[in-house]
Amino acid sequence: QVQLVESGGGLVQPGGSHGLSCAASGLTFSNYAMAWFRQTPGKEREFVACISRGGIGTEYRDSVKGRFAISRDNAKNTVYLQMNSLKPEDTAAYYCAASHTSSRYTIPIIATMFDYWGQGTQVTVSS
């Protein structure tokens, strides 16, 4: 049974930093590109960042480039999202997702390309 479990959500002040983790089990982690999506009430889930299964490549949505960093540790079956210079518009439920890819270089960014999802963790940016 595949499980993706996010942790690290919370309340952060604008301009602050915060980190999220997602621990995966029940899958061969190194065969999956890993991503973070986010969603606010009444809106579509949106892509935030993705890292290829080999960790070679990353991709970010424009609004978080230069502020967020995705990384992974294949030995720990864990993917991370470091968020810096947080803004109120970053407030959302953040979801971890896994996409089985045949290439070490593939970086999927569309939600339908992902096979497994976590339950989400809330990040609120507010003073």
Side-chain angles (χ1 to χ4, degrees):
Q1 179 182 357
V2 175
Q3 282 193 310
L4 302 178
V5 180
E6 302 97 338
S7 60
L11 176 64
V12 190
Q13 289 199 338
S17 297
H18 204 68
L20 302 179
S21 299
C22 171
S25 61
L27 76 171
T28 304
F29 188 70
S30 59
N31 286 346
Y32 287 78
M34 299 298 296
W36 291 92
F37 286 74
R38 66 188 182 187
Q39 189 171 23
T40 54
K43 292 191 176 180
E44 294 276 327
R45 191 169 295 189
E46 65 181 23
F47 169 78
V48 176
C50 182
I51 187 167
S52 63
R53 72 180 208 189
I56 295 171
T58 57
E59 188 64 58
Y60 298 89
R61 72 178 297 105
D62 286 345
S63 62
V64 308
K65 283 180 181 177
R67 300 190 298 120
F68 288 14
I70 187 170
S71 61
R72 65 188 294 159
D73 186 338
N74 284 356
K76 295 183 178 179
N77 287 5
T78 301
V79 62
Y80 306 94
L81 185 68
Q82 178 62 37
M83 303 179 291
N84 301 320
S85 302
L86 281 159
K87 304 175 181 180
E89 51 264 42
D90 294 318
T91 295
Y94 283 74
Y95 296 87
C96 173
S99 174
H100 188 274
T101 60
S102 57
S103 167
R104 298 177 65 205
Y105 304 96
T106 301
I107 308 174
I109 63 171
I110 301 172
T112 53
M113 298 176 72
F114 288 82
D115 305 295
Y116 302 105
W117 293 83
Q119 299 276 22
T121 186
Q122 179 68 33
V123 174
T124 301
V125 184
S126 175
S127 55

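Residue indices begin at 1 and follow the sequence shown. Heavy atoms only: backbone and side chains are in, while hydrogens, waters and symmetry mates are out.
- Shortest non-hydrogen contact noted between Ser71 and Val79 is O-CG2, 3.1 Å.
- When all heavy atoms of Gly10 and His18 are compared, the pair lying nearest together is N-NE2, 4.0 Å.
- Annotation: disulfide bond (SG atoms under 2.5 Å apart) contacts involving residues 98-127, sequence neighbours excluded, are absent.
- Of the inter-residue distances, the one linking Ser21 atom OG with Arg72 atom CZ reads 14.0 Å to the nearest 0.5 angstrom.
- When all heavy atoms of Gly118 and Tyr95 are compared, the pair lying nearest together is O-CD2, 3.6 Å.
- A continuous path of hydrophobic side-chain contacts links Val12 to Phe68 [ILVMFWY only; heavy atoms under 4.5 Å].
- Residues satisfying the side-chain hydrogen bond (donor to acceptor under 3.5 Å, both in side chains) test with Thr91, not counting sequence neighbours, are none.
- Rounded to the nearest 0.5 Å, atoms CZ (Phe29) and CE (Met34) are 4.5 Å apart.
- Scanning all heavy atoms of the two residues, the minimum distance from Ile70 to Ala35 falls at CD1-CA, 4.2 Å.
- The number of heavy atoms from other shown groups lying within 6.0 Å of CD (Glu89) is above 12.
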Donor-acceptor contacts under 3.5 Å from residues 45-54 side chains, at least two apart:
{"residue": "Arg45", "atom": "NE", "partner": "Gln39", "partner atom": "OE1", "Å": "3.3"}
{"residue": "Arg45", "atom": "NH2", "partner": "Gln39", "partner atom": "OE1", "Å": "3.4"}
{"residue": "Glu46", "atom": "OE2", "partner": "Arg38", "partner atom": "NE", "Å": "2.6"}
{"residue": "Glu46", "atom": "OE2", "partner": "Arg38", "partner atom": "NH2", "Å": "3.2"}
{"residue": "Ser52", "atom": "OG", "partner": "Gly55", "partner atom": "N", "Å": "3.4"}
{"residue": "Ser52", "atom": "OG", "partner": "Ile56", "partner atom": "N", "Å": "3.0"}
{"residue": "Ser52", "atom": "OG", "partner": "Gly57", "partner atom": "N", "Å": "3.0"}
{"residue": "Ser52", "atom": "OG", "partner": "Arg104", "partner atom": "O", "Å": "3.1"}
{"residue": "Arg53", "atom": "NH1", "partner": "Thr101", "partner atom": "O", "Å": "2.6"}

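- Atom CG of Asp90 and atom OG of Ser126 lie 12.5 Å apart (nearest 0.5 Å).
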Do any side-chain atoms of residues 1-9 form donor-acceptor pairs under 3.5 angstrom with protein atoms, and if so which ones, sequence neighbours left out?
{"residue": "Glu6", "atom": "OE1", "partner": "Gln119", "partner atom": "N", "Å": "3.1"}
{"residue": "Glu6", "atom": "OE1", "partner": "Gly120", "partner atom": "N", "Å": "2.9"}
{"residue": "Glu6", "atom": "OE2", "partner": "Cys96", "partner atom": "N", "Å": "2.8"}
{"residue": "Glu6", "atom": "OE2", "partner": "Gly120", "partner atom": "N", "Å": "3.1"}

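- The nearest pair of heavy atoms linking Phe114 to Ile110 is CD1-O, 3.2 Å.
- When atom types are taken as modelled, the side chain of Thr78 and the backbone of Lys76 share a donor-acceptor pair closer than 3.5 angstrom.
- Scanning for side-chain contact (heavy atoms from CB on, under 4.5 Å) contacts around Val123 gives Leu20, Met83, Tyr94, Val125, with sequence neighbours left out.
- The side chain to side chain donor-acceptor pair (under 3.5 Å) pairs that include a residue from residues 23-37 number zero, where partners must be two or more places apart or lie in different chains.
- The CZ atom of Phe37 lies 11.5 Å from the CD atom of Glu44; values are rounded to the nearest 0.5 Å.
- Put simply, the residue from Met113, Glu59, His100 that forms a side chain to side chain contact (heavy atoms under 4.5 Å, CB included) with Pro108 is Met113.
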